[in-house]
Protein chains: 2
Amino acid sequence: MKIALAQLNYHIGNFEANTQKIIETLNQQKAEGTDIVVFSELCICGYPPRDFLEYSEFIQLCESAANNVAKACQGIACIIGLPIHNPVIEGKDLYNAAYFIADGEVKQVIKKALLPTYDVFDEYRYFEPAHEFKCVDYKGHKIAITICEDLWNLGDNPLYKTCPMDELIKESPDFMINIAASPFAYNHDEERIFILSQNCRKYNLPLFYVNHVGAQTELIFDGGSLVFDKAGDLVSEFKYFEEDVRVFNVEQVQSSIVLNKPFKRPTDTEQVYQALVLGIKDYFQKSGFTKATLGLSGGIDSAVVCALAYEALGAENVMAVLMPSKYSSDHSIKDAEALAKNIGCKSTVIPIKTVANAFDETLKDEFAGLEANLAEENIQARSRGVIMMAMSNKFGYILLNTSNKSESAVGYGTLYGDMCGAISVIGDCYKTQVYQLANYINREREIIPINTITKPPSAELRPDQKDSDSLPDYDILDKILFEYIEMRKSSKDIIADGYDEALVNRILKMVNKAEFKRYQTPPILRISPKAFGMGRRMPIVGKYLS
Amino acid sequence: MKIALAQLNYHIGNFEANTQKIIETLNQQKAEGTDIVVFSELCICGYPPRDFLEYSEFIQLCESAANNVAKACQGIACIIGLPIHNPVIEGKDLYNAAYFIADGEVKQVIKKALLPTYDVFDEYRYFEPAHEFKCVDYKGHKIAITICEDLWNLGDNPLYKTCPMDELIKESPDFMINIAASPFAYNHDEERIFILSQNCRKYNLPLFYVNHVGAQTELIFDGGSLVFDKAGDLVSEFKYFEEDVRVFNVEQVQSSIVLNKPFKRPTDTEQVYQALVLGIKDYFQKSGFTKATLGLSGGIDSAVVCALAYEALGAENVMAVLMPSKYSSDHSIKDAEALAKNIGCKSTVIPIKTVANAFDETLKDEFAGLEANLAEENIQARSRGVIMMAMSNKFGYILLNTSNKSESAVGYGTLYGDMCGAISVIGDCYKTQVYQLANYINREREIIPINTITKPPSAELRPDQKDSDSLPDYDILDKILFEYIEMRKSSKDIIADGYDEALVNRILKMVNKAEFKRYQTPPILRISPKAFGMGRRMPIVGKYLS
């Protein structure tokens with residue numbers, strides 16, 4: 001029996017495009033004699049559909065799209081994912097389901113039992129967990145089909161009380177299929193391979209695992225679908241960040257005949273780079289935009305975002321705007337211009353002096369006799385924000401936000417100023433990761449000027465300002481932030497790891513106090529296991545560590 | 001036996017203040033000979049603690065605060081709510097629990113079974129549902145104690161498969177106690193009374209129900225605790241939007257002796273007014289601020305917000321800023337000044353002409369030869385945003401956002417312009433509700449100038465602009481929006497209700513297309529069953545109705 005795994009890029013709510021993509025793949029595979037084509041979780045509507053699921057019309061559209069797929073599925077079988085109604089009165093109104101389709105008909109419905117409800121996931125918000133499990137019989141094979149999280153209940157601290165494969169194994173299936181929508185984080189590929197391989201060993205079965213690929217606003221699905229033999233050894237690892245369809249002979253996989261060459265997995269930085277490029281590309285493509293703009297300061301953050309936008313959209317679609325003030329150093333303009341030249345994108349210089357002076361003039365009565373302070377610094381950042389949005393409004397550019405995770409964490413950014421933008425490109429990258437990206441971007445030639453990488457970071461909002469005036473070195477700051485944000489350690493435990501007590505307490509307080517700013521941040525492309533945004537939900541008016 | 005229900009205002013993560021408030025109440029009640037004092041759900045840490053729950057240090061702080069309460073609980077019993085560890089390896093790591101405390105010790109632990117995971121609620125994100133139920137025996141009474149949602153599984157479409165009271169009733173309890181954190185929505189008080197009364201009738205038991213009161217950023221808990229006799233008749237209805245502690249003789253309630261006079265429930269508009277005043281008051285008090293500022297345009301939205309701020313914070317803490325442009329009509333300034341005078345708050349006039357001209361000058365090369373359009377309109381709104389934030393930064397004022405729900409729904413607002421602010425006061429009020437509030441505010445004297453109420457709404461961003469140029473009348477718009485947002489009807493069903501097809505399709509498309517703007521909106525005080533923000537989670541890059 002031949003099984004194809006179709007790792008495709010869907011678009012939330014775009015039933016026409018999603019259905020067309022599925023049917024085309026079915027037709028191609030049919031021509032090649034494939035028996036079953038496996039598509040990923042909720043492929044009919046895209047993942048995550050969020051509260052669209054609360055509209056019964058949306059569910060009906062899923063159902064009719066699935067019917068169209070079924071009609072087209074003649075002489076071949078397929079597995080598709082979609083939300084379906086729960087006919088039982090008690091419990092949530094929907095199931096996260098898969099259809100097994102053959103001969104133009106839905107032959108069996110598989111329901112998801114383990115509903116991720118943590119971090120960016122909200123599945124129990126919508127879905128009732130399945131309590132009954134049954135293998136699919138097809139062409140003499142017994143297949144244990146599960147949906148994503150259903151295989152993720154192994155280990156020391158399982159999140160759920162049930163384990164679907166413990167039930168399905170009772171029917172002695174021949175192999176497992178899992179359809180997934182598992183988003184990227186730089187540490188997630190190894191974890192995924194480990195967990196899935198453990199399942200193969202536990203149940204002594206081969207596994208065909210197909211993942212979603214493509215970005216849905218902030219969530220980037222990395223693909224990397226996998227096939228394992230029953231010993232848990234990797235038979236095939238699909239491309240990351242690209243569509244990929246591969247066909248397998250089930251009997252060969254069952255006999256542990258490894259078909260594909262060992263895969264050289266990219267480094268974390270390489271993966272993050274590719275993820276962010278896909279994130280930008282899909283944000284634009286799926287919202288129907290082509291052109292991006294951003295403020296280029298001469299610093300490393302905007303330089304990295306500019307290089308990523310160039311890779312994602314092409315030089316002709318990137319417009320860099322240089323907005324020097326009286327505090328901008330000589331090298332800022334020079335470095336920014338060198339970058340634009342290296343990339344070959346358009347750039348323009350719009351000094352903010354006239355505007356900043358106009359605000360000073362306008363506020364002079366109100367502010368009479370008061371020292372210049374944060375208010376005047378923020379006026380500069382916000383003047384730049386207004387200029388960038390005016391460029392966006394006038395020419396249809398989408399503004400890319402260039403804030404990094406370190407500054408966003410400690411509130412070192414100006415709301416409605418440098419925190420503007422439609423999408424935050426590197427808002428989940430700590431400053432030290434931004435440097436790694438810069439070096440990666442320069443791997444073949446100098447795209448980002450070396451001076452941008454080597455000079456000390458500065459917001460340039462007052463004379464001779466340096467980030468290090470008010471923050472510790474980023475390699476220390478980022479480690480403390482990682483322990484607090486990603487590891488969720490207490491101040492006591494972080495201090496026990498060897499960091500200065502006063503510093504740790506000051507940093508944690510800054511993080512918690514800046515929650516009100518992060519609430520109004522653009523969506524942030526997620527590349528870590530704990531990004532700001534939907535995956536980290538904090539009270540604003542609270543008194544814990546603040 | 002005497003039971004006191006303590007309807008108190010807690011502060012998330014403020015263990016010291018919460019514990020002190022609980023212990024003081026215990027001491028007062030002990031002096032009065034009360035047997036049991038009942039506090040509300042998660043009173044130890046405040047509700048909702050959100051992802052603070054993922055910090056084990058936070059859970060430890062809850063535990064030690066509860067221990068302090070237990071130590072102080074001598075010669076009296078109490079029920080408090082707190083998150084506790086789940087010692088079982090499988091499942092989530094926490095329970096949403098209640099402690100029954102007597103003689104300085106935790107005598108029994110009650111765990112919540114039904115975990116609201118919809119709208120603003122995320123409880124299954126953190127908590128394992130309880131599967132075992134046991135009544136509490138105390139002083140010869142058998143008490144069925146449940147936590148909030150545990151009583152909300154009646155009706156045609158129950159969300160859960162289990163029903164805690166169906167288990168507890170097997171022990172033949174004498175009465176029910178429910179501790180809750182049930183947030184305000186203008187239609188929720190009647191619903192609450194109906195459901196709780198149904199429980200009394202179903203189980204033929206009296207019920208003591210204590211709710212949380214106070215605002216936690218966007219969520220406003222309205223109190224209104226309730227006591228019912230076994231026939232489901234109301235024995236007592238507590239104050240709304242205020243702390244309130246009342247003592248009941250259990251035997252009297254059991255014999256259906258009604259103790260309190262029938263309660264005259266305020267109208268919806270009155271409730272919304274009180275909710276918003278409490279929302280502002282608690283936002284400031286709990287974040288340690290006293291002074292508010294806002295832009296006063298002469299229009300109805302900012303006028304209503306100004307009047308609410310005056311009621312919440314006092315005239316001396318409100319600073320109104322008038323920022324006329326060349327498009328501002330004569331009456332705008334006059335109406336705004338009249339309002340400030342009626343209220344007695346400070347006001348100042350800061351024209352935006354100089355700043356708007358400076359932006360024009362700065363962008364004249366970029367924009368050469370292009371017609372003035374949305375870009376220039378937004379520059380005006382954003383210039384005002386920068387001025388307001390400068391006032392905020394310089395003087396420590398907190399900026400109140402004045403957007404209403406109708407304009408937020410259709411994207412009729414400028415990001416980083418009039419959408420700025422720390423908290424959105426009327427962002428969950430449709431324009432028609434804003435008018436109702438204005439009339440309510442003027443119930444005794446003219447606070448909001450009549451002209452502000454009667455003149456046609458306008459953003460005044462170009463000559464003679466009116467909202468009605470691009471939007472239908474608000475009484476039609478708001479009804480369509482309500483059907484789509486609150487009722488989650490499909491376009492087909494809304495059209496079937498008698499609205500113009502093209503109009504409905506245009507409006508729904510506007511709503512879905514403006515999702516990117518709402519993502520960056522400040523937190524919105526929630527007064528409806530479906531507010532923008534945490535309770536409505538929509539994809540940004542999606543293609544459903546857009």
Side-chain angles (χ1 to χ4, degrees), chain A residues 11-14 50-52 54-55 57-58 89-92 117-118 124-125 157-159 161 216-217 283 286-287 348 350 354-355 358-359 361-363 366-367 370 374-375 378-379 382 385-386 389-390 393-394 416 420 422 488 490 516 519-520 522-523 536-544, chain B residues 11-14 50-52 54-55 57-58 89-92 117-118 124-125 157-159 161 216-217 283 286-287 348 350 354-355 358-359 361-363 366-367 370 374-375 378-379 382 385-386 389-390 393-394 416 420 422 488 490 516 519-520 522-523 536-544:
Chain A
H11 182 190
I12 293 169
N14 196 337
R50 301 202 195 278
D51 287 4
F52 282 167
E54 299 192 352
Y55 285 83
E57 185 192 35
F58 189 86
I89 287 169
E90 291 83 15
K92 301 272 183 176
T117 306
Y118 52 78
Y124 184 63
R125 184 174 170 89
N157 189 17
L159 268 174
K161 292 198 164 172
Q216 309 283 9
T217 316
Y283 183 87
K286 292 179 183 178
S287 43
T348 187
I350 307 180
T354 307
V355 167
F359 278 114
E361 173 65 25
T362 296
L363 290 162
E366 304 293 334
F367 290 3
L370 299 170
L374 184 73
N378 281 341
I379 283 175
R382 293 191 177 114
V386 177
M389 291 305 294
N393 287 159
K394 191 60 105 185
Y416 324 128
C420 288
R488 270 152 283 176
S490 70
F516 77 99
Y519 189 95
Q520 298 186 45
R536 191 174 187 272
R537 303 175 190 170
M538 287 293 175
I540 295 179
V541 173
K543 226 189 133 52
Y544 176 56
Chain B
H11 182 192
I12 293 170
N14 196 339
R50 300 206 196 276
D51 287 3
F52 282 165
E54 298 191 351
Y55 285 83
E57 184 192 36
F58 189 86
I89 287 169
E90 292 83 15
K92 302 273 184 175
T117 306
Y118 52 78
Y124 185 62
R125 184 174 170 90
N157 189 16
L159 269 174
K161 293 198 163 172
Q216 309 283 8
T217 314
Y283 183 87
K286 291 179 183 178
S287 44
T348 187
I350 307 180
T354 308
V355 167
F359 277 113
E361 173 65 24
T362 296
L363 290 161
E366 304 294 333
F367 290 4
L370 298 169
L374 183 73
N378 282 339
I379 284 175
R382 293 192 178 114
V386 177
M389 291 305 294
N393 288 158
K394 192 59 108 186
Y416 324 129
C420 289
R488 269 152 285 177
S490 70
F516 77 99
Y519 190 94
Q520 298 187 45
R536 191 172 187 273
R537 303 175 190 171
M538 287 293 176
I540 295 179
V541 174
K543 226 190 134 51
Y544 176 56

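Chain letters run A, B, ... following the sequence lines, proteins first, then strands; residues in each count from 1.
Contacts of B:I540 with chain A are made by both backbone and side-chain atoms, with heavy-atom separations under 4.5 Å. Of the two parts of A:L363, only the side chain, counted from C-beta on, holds a non-hydrogen atom closer than 4.5 Å to a non-hydrogen atom of chain B.
Considering only heavy atoms from C-beta on, A:E90 stays 4.5 Å or farther from B:N157 through its side chain. Using a 4.5 Å heavy-atom cutoff, the side chains of A:P539 and B:Q216 are not in contact. With a 4.5 Å cut-off on side-chain heavy atoms, A:K543 and B:I12 do not count as touching. Side-chain contact between B:E366 and A:K394 is absent, with no heavy-atom pair separated by less than 4.5 Å.
A:A390 and B:I379 make their closest contact through CB-CD1, 3.9 Å (heavy atoms, listed as atom of the first residue, atom of the second, distance). When all heavy atoms of B:V355 and A:T362 are compared, the closest pair comes out as CG2-OG1, 3.4 Å.
Among A:T354, A:N378, A:V386, the residue making the largest number of heavy-atom pairs under 4.5 Å with chain B is A:V386. Contact count versus chain B (heavy atoms, under 4.5 Å) is highest, among A:M538, A:K161, A:K286, for A:M538. Most heavy-atom pairs under 4.5 Å with chain B, from the set A:R536, A:R488, A:R50: that is A:R488. With respect to chain A, the highest number of heavy-atom pairs below 4.5 Å among B:H11, B:R125, B:M389 belongs to B:R125. Of the listed residues A:Y519, A:F58, A:Y283, the one with more heavy-atom pairs under 4.5 angstrom with chain B than any other is A:Y519. With chain A as partner, the option from B:G542, B:P158, B:S490, B:A358 having the largest number of non-hydrogen pairs under 4.5 angstrom is B:P158.
Using cut-offs of 30° and 60° for the angle between ring planes, the B:F359 and A:F359 rings count as perpendicular.
Shown here are the salt bridge (charged side-chain N to carboxylate O under 4.0 Å, His left out) partners of A:R537, two or more places apart in sequence or in another chain: A:D122, B:D122. Under the rule for a salt bridge (charged side-chain N to carboxylate O under 4.0 Å, His left out), the partners of B:E361 that lie at least two apart in sequence or sit in another chain are B:K364.
Here the straight-line distance linking atom OH of B:Y124 with atom OH of A:Y124 works out to 8.0 Å at 0.5 Å rounding.
Dense packing is recorded around CG of B:L370, with more than 12 heavy atoms of other residues, nucleotides or ligands lying under 6.0 Å away.
Looking only at atom types and distance, the side chain of B:Y544 has a donor-acceptor partner in the side chain of A:E57 under 3.5 Å away.
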